[in-house]
J.: 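Below is the structure I would like to discuss, written out as C-alpha cells.
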Amino acid sequence: MAAYLDASATAPLHPAAQQAMLRVWSQGQANASSLHSAGARAAQEVDAARELIASAFGIHPGGVIFTSGGTEANNLGIIGQVLAMRSAQKVLTSQVEHSSVLASCAYLNRFHGVQVGYVPVDATGRFVLDAALEAELATGQVNLMALGLANAEVGSVNDAHRLLELAGEHRVSLHLDAVQAAAQLPVSLKAGAWPGEGVTSMAIASHKFGGPQGVGALLLPRPVPLEPTMHGGSQEGGLRAGTLNVAGIAGFAAAVGAHLASVGSKAVALLRSKDELVQAMLREVPGAQLTGHASERLPGHASFVFEGVSGESLLVALDAAGYAASSGSACRAGSQGPSPVLTAMGFDEDLALSALRFSLAEPLAAEDRQRIVGIIKDEVARAQGTGPR
C-alpha cells in the first residue's frame with residue numbers, strides 16, 4: 001500500500017500494543033475472574049491497564065469501565081445514565097453525531113418515552129451554543145447532553161469549555177463522545193485541562209489510538225448512577241457483564257501510553273502535513289471545497305467535497321493506486337444516500353455524495369501528496385467532461 005489515510009476509521013496497530021498482546025498471550029489464556037494463579041495474573045494485567053488509562057485521563061482507576069469499543073461505551077454512557085435517572089424527561093444531542101450516539105437517544109425515545117432534542121450546528125459542523133440553547137437548558141427539562149468532542153466525518157473540534165459551562169450552570173449531565181478527539185489531541189478530565197473537569201462520562205476506543213479493535217472504555221470522572229446495558233455477570237463492578245478481553249485491554253493501555261508520549265509532537269507534524277494537502281487540493285482541483293472548520297479541527301484530518309463527481313469513484317481510483325481513504329464515518333460504509341452530517345451542515349445532496357475524507361496516521365510524503373491530488377484532479381476532470389476518457 002502506498003499510504004494509509006483512514007486512521008479515523010482505525011489507526012494502524014502500534015508496535016507497543018502488539019508487543020503487549022503477545023506478552024499476555026505468551027503467558028497462556030486465562031479468565032480474569034478466575035481464582036487460580038493464572039486468573040490472578042490476568043486480573044493483574046487488567047488492573048495495570050486500568051491504572052494506566054485512568055492516569056492518562058486524570059481520573060480514578062475505578063472510573064474506567066472496559067467495553068467492546070466506543071459504540072458500547074456510548075450506549076452505556078447515554079442509556080445507562082438516563083435509565084438510572086428513572087424519571088428523565090429529555091436528552092440533547094446533535095444531527096452530526098456518530099450513529100451510536102444517535103441510536104442510543106432514539107432507543108430512549110422509542111422504548112422509554114424520553115424526548116430527544118438537537119443542538120444545531122453551523123456550516124462548519126460545530127455546535128451553535130447560543131441563547132436559544134441556554135433557554136432550553138433553563139427549562140429544567142433536559143437531563144443529559146450527549147455530544148461529540150470532534151466530528152469524525154469533517155474533523156471539526158467543538159468548544160468543550162462552553163459545553164461544560166452550560167452543563168454546570170443548568171445542572172445537566174454531559175456525556176462526551178471522545179472516540180475521535182482523544183486519539184488525536186491532548187484530552188484530560190483534570191481541572192484546567194481540555195475538556196477538563198465537569199464531564200459526567202466520556203467514551204474512548206482502543207483502535208483509534210493504535211490499539212486492537214473490539215476494546216474501548218467508558219470513563220467516569222466521579223461516581224454516577226448507571227443502569228447496565230449488558231447483563232449476565234459481575235464484571236466491571238456489575239456495570240458491564242462479560243469475560244474481559246485481557247490481551248486486548250493490555251494492548252489498549254499500551255497504545256494509550258504510546259499516544260501520550262508523542263501526542264504533542266505528532267499533532268504538529270500531522271497538522272503541517274494536512275495543511276499542505278489541503279492547500280494543494282484547493283489550488284489544483286477545480287470545484288474542491290474543504291468541509292469542516294478551517295482551523296478548529298483534528299490535526300491530521302482533511303475532508304472535501306467536489307463538484308460533479310461521486311465520492312465512490314474517487315475512492316476506487318485512489319484505492320487502485322494504493323491509497324486508502326474514505327467517504328466519511330466507517331460506520332456508514334455501504335449505506336445509501338448522502339451523509340446526514342453534511343446535509344445538516346447545509347450541503348446539497350450532490351455535493352454531499354462527493355465527500356472524501358483523509359485522516360492521516362503519519363505525515364504524508366510530498367510525492368504521495370502530489371500523486372493523490374493528481375489522481376483526484378484527473379477523476380474530477382473526467383467526470384466534468386473536461387479531461388481524457
Side-chain angles (χ1 to χ4, degrees), residues 33 50 53-54 57-94 97-119 136-149 160 163-179 182 189 195-205 215-244:
S33 297
R50 198 186 309 276
I53 292 171
F57 292 98
I59 66 173
H60 187 274
V64 178
I65 311 301
F66 288 117
T67 66
S68 63
T71 289
E72 187 189 343
N74 278 326
N75 274 256
L76 179 58
I78 297 167
I79 297 172
Q81 281 191 78
V82 171
L83 293 186
M85 293 174 184
R86 305 300 179 190
S87 58
Q89 295 177 280
K90 189 171 186 176
V91 296
L92 287 183
T93 185
S94 85
E97 298 306 319
H98 187 269
S99 56
S100 62
V101 173
L102 293 171
S104 294
C105 294
Y107 165 83
L108 288 168
N109 175 256
R110 182 178 180 186
F111 293 101
H112 298 279
V114 177
Q115 297 179 57
V116 180
Y118 298 92
V119 177
E136 182 166 18
L137 294 174
T139 64
Q141 296 180 345
V142 177
N143 303 97
L144 174 75
M145 290 193 288
L147 298 164
L149 271 181
L163 276 175
L164 283 167
E165 287 177 356
L166 290 170
E169 289 170 10
H170 300 284
R171 298 185 179 181
V172 174
S173 296
L174 177 62
H175 170 80
L176 288 179
D177 176 3
V179 168
L189 300 176
E197 63 180 348
V199 176
T200 312
S201 60
M202 190 170 81
I204 58 174
V215 187
L218 180 68
L219 305 184
L220 305 175
R222 57 188 181 279
V224 60
L226 275 181
E227 184 68 26
T229 55
M230 295 277 285
H231 303 275
S234 59
Q235 293 90 348
E236 299 303 273
L239 294 176
R240 198 278 177 180
T243 302
L244 292 172

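This structure is a prediction, so every number in the text was calculated from the model and none was measured.
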J.: Quick one: does Arg240's side chain have a donor or acceptor within less than 3.5 Å of a partner on Thr67's backbone?
T.: no

J.: Side chains of Gln81 and Ser201 only: does a donor on one sit below 3.5 Å from an acceptor on the other?
T.: yes

J.: Does any part of the side chain of Val179, heavy atoms only, come nearer than 4.5 Å to the side chain of His98, both counted from C-beta?
T.: no

J.: Kindly determine whether Met202 and Asp177 satisfy side chain to side chain contact (heavy atoms under 4.5 Å, CB included), including the steps that lead there.
T.: CA-CA 6 Å; Met202 190 170 81; Asp177 176 3; over 6 Å; no

J.: So with a 6.0 Å cut-off around NE2 of His60, is the heavy-atom count from everything else above 12?
T.: no

J.: Are any non-hydrogen side-chain atoms of Gln115 and Leu108 less than 4.5 angstrom apart?
T.: no

J.: Shortest non-hydrogen contact from Ala217 to Ala73?
T.: O-CB, 3.5 Å

J.: So do the side chains of Leu244 and Glu236 get within less than 4.5 Å of each other, counting heavy atoms only?
T.: yes

J.: At their closest point, which heavy atom of Arg222 faces which heavy atom of Val199, and how far apart are they?
T.: NH1-O, 3.3 Å

J.: Within the 4.5 Å heavy-atom criterion, are His170 and Val142 side-chain neighbours or not?
T.: no

J.: Under 4.5 Å between any side-chain heavy atoms of His175 and Asn74, yes or no?
T.: yes

J.: Heavy atoms, side chains only, cut-off 4.5 Å: are Thr93 and Leu102 in contact?
T.: yes

J.: Is the closest side-chain heavy-atom distance between Glu97 and Leu147 below 4.5 Å?
T.: yes

J.: Any side-chain heavy atom of Val82 within less than 4.5 Å of one from His112?
T.: no

